[in-house]
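Numbers here simply count residues along the sequence, with the first being 1. Just so you know, ligand 1 is whichever comes first in the structure, and atom 1 is the first atom listed for that ligand.
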Amino acid sequence: DGDDLKEPSTPVRPIKQSYADSKWSDTTPYASKKKIQSWVQLPDGNWELGTILQTSGNDSVITLPEGKVLKVSSETLIPANPDILDGVDDLMQLSYLNEPSVLYNLQYRYDRDMIYTKAGPVLVAVNPFKKVSLYGNDYIEAYKRKSMESPHVYAITDTAMREMIRDEVNQSIIISGESGAGKTETAKIAMQYLAALGGGSGIEYEILKTNPILEAFGNAKTLRNDNSSRFGKLIEIHFSETGKISGAKVQTYCFGEQSRVVQCSEGERSYHIFYQLCAGASPSLREKLNLKNADEFKYLKQSNCFTISGVDDAEQFRVVLDALDIVHVRKEDQDSVFAMLAAVLWLGNVSFTSIDSENHVEPVIDEGLTTVATLIGCKVEELKLALSTRKMRVGRRNDTIVQKLTLAQAMDTRDALAKSIYSCLFDWLVEQINKSLAVGKRRTGRSISILDIYGFESFERNSFEQFCINYANERLQQHFNRHLFKLEQEEYIQDGIDWAKVDFEDNQDCLNLFEKKPLGLQSLLDEESTFPNGTDLSLANKLKQHLSSNPCFQGERGKAFTVCHYAGEVTYDTTGFLEKNRDLLHLDSIELLSSSTCPLPQAFASSMLIQSEKPVVGALHKSGGADSQKLSVTTKFKGQLFQLMQRLESTTPHFIRCIKPNNFQSPGSYNQGLILQQLRCCGVLEVVRISRSGFPTRMSHQKFARRYGFLLLEHVASQDPLSVSVAILHQFNILPEMYQVGYTKLFFRTGQIGVLEDTRNRT
Ligand code: ATP
Ligand code: MG
């Protein structure tokens, strides 16, 4: 009895049916068994473990732990795993692989503070929302010595490190998950491990200190996460031949979210650094920048949220100052940085007054305006002009005319200036950091990249920012799919290995919807952005007109449309799409900054002109649209993303999927529905199914023979790599079902090569 609950001796073969191994086999006479445990779904959607009492016809009678007896349709029951498999550290080990079993296994571990679980090659991390004692030097040492092997960020980072050295291939650690799932924390934990293993020169310390700086300037409190990263980050850590860290390079992916500087919703905050500066600046700095408390600045005041529980902004400011010192940002540059921050804050306090009967306005000359002028290093008169007029070049001869601004235009101009100062400041800081961490001349080209990028977002109201973020996630999902599924299959087929195909979600249709030219979301958005008369409504109509036949697209009433993403449907509101996509900056503002007597604003002005490739309003012909050669935000972002994907494709990827167990950022609460949705989004079950049916370890005949040939006890007549390989396999008694011999490579099931490696390391 109960024998068929054991793991079959050969792994389950993949079957096309989606939950094939979650069903009992037809021949299981489970009605006759005693105490068969099964998952029952309760009306609230949660799964509970019950015991089957009897089965007759299509119905089963089940008892639940609290003594309740239920009669349910046998069809709806899902087999549970035997107790002995409770809390296995790799989901591959489950006999029955189904959603409730996976949920239960993760919960079993989560309840015991074992937040990490393997899903085949993928590491699943469930956010504990509390301090867990899994980190620090003792743990690092244990993983380094391999005396500890339970799933961990350290373990996966260790693997990346070893593979980088062994295979001489660059590695990447790709961390994904929803907002608040723990990506940034996970990335820091991986960096700590690398610093401990590859440290010594001191540069690792500098690398770690980039975190508080980038978080201060790029993170903010949102409704989902008190420390939400509003930018994506790829940090490439370089190593010398001896495996020591030699430098690093940070690449950030920002867009749209500059708007947070001038506007954020109730209960959220702008970027941390503003509050830190207001709370932590020394008296002399306060005086120099004419700083006030955060609640006296309009940009910060509007969301009515100034503090984060458990966070001391003043203390954090000291941490940032310290970090800036460590990454060698000079004191005078630090002062300029703070002046720019104060200028942004004071810009928000600039107000306007009407000057004629045509609604034209001028800034009020008050403390706000004069302070901004002082901080930027320009004359009050120049600032006043830049905020109330716009120079336009018209006609063939490029004559300049000066147009007065209405209140709405003037406020837009003011906010645009604040946003671009902030985004230039952020880019400038990243540049300083990169200069300071620059890899020396003796670079080996070996690196491990860690990617921490915003996860899929779906809110009640989704705008341009979500549109970009979710597009990025489609691309990353494709990378994941490709790597784990497609490449896997292709490689088997190419090498002549018999391997049944496994179905997996392919998101190419959705990517086509975004990228296709000329009729895709991005092309149509760009086209509409260049039409002078384009509006958000005309954009929505155009999308509906051209894309309705795409299965991933659905038009909605008014200005909205829905995209069927791999992670679910998201309805986007096109309000503000065109404006945000154009991201215009007025020439007058650039001129203002370049007239500054301070180096930082000058640098910003030239980078705005040269690098940003933003369309510049003043340079437009009055009748025409944006210069078609300038790039829109979407196009620029797409280019960045392609570059990122290219970089990732030349690396061996390691995936970490972060899971948020509840929406309250609170420890101990495990919301099955929420977790299941995330597991489905990232295809955790499919990965496990594929991995345990496939041959994940592979090595070319040559490499195998070279690596283990010296372990052979007997002489092999033929010295060709294949013969040597086969002799090794025989000597080590690797069972025939545990490997396959391809045309060029050997393929192994999980865990098979361990004994060879161990022997090799001992020899
Ligand atoms: P976003 O996409 O919004 O940036 P994120 O995925 O980067 O979100 P984090 O900021 O890393 O999320 O994590 C959110 C919070 O969860 C952290 O501030 C911390 O309180 C908690 N947290 C995450 N991982 C851990 C961990 N390993 N141990 C303890 N707490 C954690
Ligand atoms: Mg983050």
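Residue Y135 touches ligand 1 through its side chain alone, judged by heavy-atom distances below 4.0 Å. The proximity of P128 to ligand 1, defined as any non-hydrogen pair under 4.0 Å, is limited to the side chain. Looking at T184 against ligand 1, both its backbone and its side chain come within 4.0 Å, counting heavy atoms. Residue contacts with ligand 1 for K130 involve N, CA, C or O but no side-chain atom from C-beta outward (heavy atoms, distance under 4.0 Å). When non-hydrogen atoms are compared, ligand 1 lies under 4.0 Å from neither the backbone nor the side chain of K131.
Under the 3.5 Å distance criterion, with hydrogens and angles disregarded, a donor-acceptor pair is assigned to the side chains of T117 and R109. Using modelled atom types and a 3.5 Å distance limit, the side chains of D111 and Y670 yield no donor-acceptor pair. Counting only N and O atoms by type, the side chains of Q316 and Q276 include no donor and acceptor under 3.5 Å apart. Inspection of the Q478 and Q508 side chains reveals an N or O donor paired with an N or O acceptor under 3.5 Å. For the residue pair N211/K233, the side-chain donor-acceptor check at 3.5 Å is satisfied. Side-chain atoms of H654 and Q171 form a donor-acceptor pair, as typed in the model, at a separation below 3.5 Å.
The residue from K209, K188, K221 that alone fulfils the salt bridge (charged side-chain N to carboxylate O under 4.0 Å, His left out) condition with E215 is K188. When the options Y572, F637, Y471, F577 are evaluated for a ring-ring contact (aromatic ring centres under 6.0 Å, His included) with F464, the one that passes is F577.
Rounded to the nearest 0.5 angstrom, Q672 CD and N662 CG are separated by 13.5 Å. With rounding to the nearest 0.5 angstrom, the CD atom of E99 is 7.0 Å from the CG atom of L103. A distance of 8.0 Å separates CG of N219 from CG of N225, quoted to the nearest 0.5 Å.
One option in E185, E215, K188 has a heavy atom closer to atom 11 (O) of ligand 1 than any other, and that option is E185. Of the candidates N127, N227, I469, N127 brings a heavy atom nearest to atom 15 (C) of ligand 1. Counting heavy atoms only, N225 comes closest to atom 1 (P) of ligand 1 of the residues I659, I175, N225.
Put simply, N219 stays out of reach of the Mg ion (ligand 2), with no N, O or S atom under 2.8 Å from it. Among the atoms of N225, no N, O or S atom is found under 2.8 Å from the Mg ion (ligand 2).
Close approach of ligand 1 to S179 (heavy-atom distance below 4.0 Å) involves ligand atoms 1 (P), 2 (O), 3 (O), 8 (O). Per-residue contacts place E178 under 4.0 angstrom from the following atoms of ligand 1 (heavy atoms of the residue considered): 6 (O). Atoms of ligand 1 lying under 4.0 Å from at least one heavy atom of S228, given by number and element, are 1 (P), 3 (O), 4 (O).
Remark: distances from the non-hydrogen atoms of F129 to ligand 1 include one below 4.0 Å. Under a 4.0 Å heavy-atom criterion, R224 is not in contact with ligand 1. Residue contacts with ligand 1 do not include G177, since none of its heavy atoms lies under 4.0 Å from the ligand.
The protein heavy-atom contact nearest to atom 13 (O) of ligand 1 is G182 CA, 3.5 Å. Atom 4 (O) of ligand 1 has its closest protein heavy atom at S229 N, 2.8 Å. Here the heavy atom of the protein found nearest to atom 2 (O) of ligand 1 is K183 NZ, 2.8 Å.
Checked by distance only, ligand 1 and G180 come closer than 3.5 Å through their nitrogen or oxygen atoms.
Aromatic ring centroids of H565 and F514 lie under 6.0 Å apart.
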